[in-house]
**Student:** 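Can you keep this structure in mind? I'll have questions shortly.
Every heavy atom of this structure was used, including side-chain atoms; hydrogens, water molecules and symmetry mates were not. As the structure is a computational prediction, the values presented were derived from the model and not from experiment.
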Number of protein chains: 2
Amino acid sequence: MVDRLRQHITGILGRAPENLSLVLSRFEPMRAKRGDHLLQEGDVCRYAYFIVEGCIQVYVIDARGHESTREFYVEDQWVTDIFGFQNQTPSTEYIKCIEPAGLLRISHASFQEMCATVPEFASMYRQILEVSYNNTVYRVNTLTALSGLDRLRWFYDHKPRLRNRLPSRLIASYLGLSPETVTRLKAKL
Amino acid sequence: MVDRLRQHITGILGRAPENLSLVLSRFEPMRAKRGDHLLQEGDVCRYAYFIVEGCIQVYVIDARGHESTREFYVEDQWVTDIFGFQNQTPSTEYIKCIEPAGLLRISHASFQEMCATVPEFASMYRQILEVSYNNTVYRVNTLTALSGLDRLRWFYDHKPRLRNRLPSRLIASYLGLSPETVTRLKAKL
DNA sequence: CAATCCCGTTGACAATTGTCAAGGAATCAA
DNA sequence: TTGATTCCTTGACAATTGTCAACGGGATTG
């Protein structure tokens, strides 16, 4: 699994950093089953996860007990509760595997150490932060500016792989719609 | 105006960095009138702005020509199109003054230079990025998980200052509701 | 001061979306 | 295979929200 992370890091930085093997040594491989939680609301996020294989859902539970999905993450992406991870404070979100997953996880202490001692690692982290922030900004704008139908169109156009990979129910929870509404909107396309 | 930025930086870092005066020298004071745009869709964002005084709206325009507000920023906050600023790519958003404003702006080149040569500046930027990302994540979750009424409650509870500072029309555009709907929801509180 | 404009409000109505219930297809385990 | 479960779909109905139009107050301008 570490090979995939090596290629990921090299790809982002454009070259392999000197201390790459040191960085890689701080990651611990793990497997998770479908339905396993990596984090629950109220818990402190101890790890950041690099996804080698599988699909991860980040969501909250609303007042009526329904899941509301903030984001899905797949191969070659990172997932964690960034703010809670950095500040070691309780999370407001759940992180769950919706497919069997192969992951590489790094602890808070190791992450801090790598940021402080390997400049390329800090640089990579910054880039990932910027891209993640940008994606989330974009998501806010689609949620407030687009109708349900246009949000579904947007999802199909911009996330074709997830479309085939996710059950309709989860797509609905990502778009802020009920499963029934998504069924009906699909008929209009 | 620079004094306010000095205190802001010192406050975030817990102490004044050695090169503080160098950092401050890279900021250029400016004033903007109500209605002035700092950035328009399609333009490349040349500056990051620190707000000394005033209120800034970041928004997009939807298919029907309506403004849809992503965020408001006020005194002691930073505003820019982060991704476009860092990558010097065209923006999808508008940035507009909704009050007369006093600003300190830093160019892309100076920002890069400060990040590279003043570690405290890079650290501060990272912290701001993390907090901004976290706020935006929170915003996605309120938009998808809460009803219109609960979003209005949330806004009143969490943004009491903005409540008194913003016209109702702009609050509506922030919550993803029509002005009429906000009027009616207000009557329920 | 009067005229104008912007904004918030209200009403009537339409469109969108959610909820509840039921049925059927697909999946999974025994 | 059988039974159980989950998920998608559909229908009926209710709730929410948007649109359009009109009214009136408050601010601004001439």
**Student:** B/Glu180 has a side chain; which of C/dG11, D/dC7, C/dG8 sits nearest to it?
**Tutor:**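 Shortest atom-to-atom distance from the side chain points to C/dG11.
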
**Student:** Could you tell me the separation between the CG atom of B/Leu177 and the C1' atom of D/dT16, rounded to a whole number of Å?
**Tutor:** 10 Å

**Student:** Describe, in one word, how the ring planes of B/His37 and B/Tyr59 are oriented to each other, choosing from parallel (under 30°), tilted (30 to 60°) and perpendicular (over 60°).
**Tutor:**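 The arrangement is tilted - the two ring planes meet at 30° to 60°.
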
**Student:** May I ask you to evaluate whether A/Arg64 reaches the phosphate of C/dT19, defined as a side-chain N or O under 4.0 Å from OP1 or OP2?
**Tutor:**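 Yes, because at least one side-chain N or O of A/Arg64 sits under 4.0 Å from OP1 or OP2 of C/dT19.
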
**Student:** Which whole-number value in Å describes the distance from B/Leu166 CG to C/dC6 P?
**Tutor:**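 About 20 Å, once rounded to whole Å.
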
**Student:** In whole angstrom, what separates B/Ile98's CD1 from C/dC6's P?
**Tutor:**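 The distance from CD1 of B/Ile98 to P of C/dC6 comes to 18 Å, rounded to the nearest Å.
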
**Student:** What is the distance from CG of B/Leu146 to C1' of C/dG18, rounded to the nearest Å?
**Tutor:** 16 Å

**Student:** Give a yes/no answer on whether the side chain of A/Thr181 brings an N or O atom under 4.0 Å of OP1 or OP2 in C/dT17.
**Tutor:**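 No, no such contact exists.
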
**Student:** Looking for any heavy atom pair under 4.0 Å, which part of the strands does B/Ser178 touch: base, sugar-phosphate only, or nothing?
**Tutor:** base

**Student:** Quick one: the side chain of B/Arg184 and the base of C/dG11, do they pair up donor-acceptor inside 3.5 Å?
**Tutor:** yes

**Student:** B/Leu170 CG to C/dC6 P: how many Å, rounded?
**Tutor:** 15 Å

**Student:** In terms of relative ring orientation, are A/Trp154 and A/Tyr138 parallel, tilted or perpendicular, with 30° and 60° separating the classes?
**Tutor:** tilted

**Student:** Checking B/Glu41 against B/Tyr94: is there a side-chain donor and acceptor pair closer than 3.5 Å?
**Tutor:** yes

**Student:** Check whether B/Tyr156 forms a cation-pi arrangement with B/Arg163 (NZ or CZ under 6.0 Å from the six-membered ring centre, at most 45° off the ring normal).
**Tutor:**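 Flagged: B/Arg163 positioned over aromatic ring of B/Tyr156.
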
**Student:** Inspect the contact between A/Glu53 and A/Arg4 and indicate whether a charged nitrogen and a carboxylate oxygen are less than 4.0 angstrom apart.
**Tutor:** no

**Student:** Nearest whole Å is fine: how far is D/dC7 C1' from A/Ile171 CD1?
**Tutor:** 13 Å

**Student:** In whole Å, I'd like the distance from the NZ atom of A/Lys186 to the C1' atom of C/dT17.
**Tutor:** 16 Å

**Student:** Within the structure shown, what part of the strands sits under 4.0 Å from B/Pro167 by heavy-atom distance: base, sugar-phosphate, or nothing?
**Tutor:**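 Result for B/Pro167 = sugar-phosphate.
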
**Student:** Using whole Å, what does the distance between atom P of nucleotide D/dC7 and atom CZ of A/Arg169 come to?
**Tutor:** 4 Å

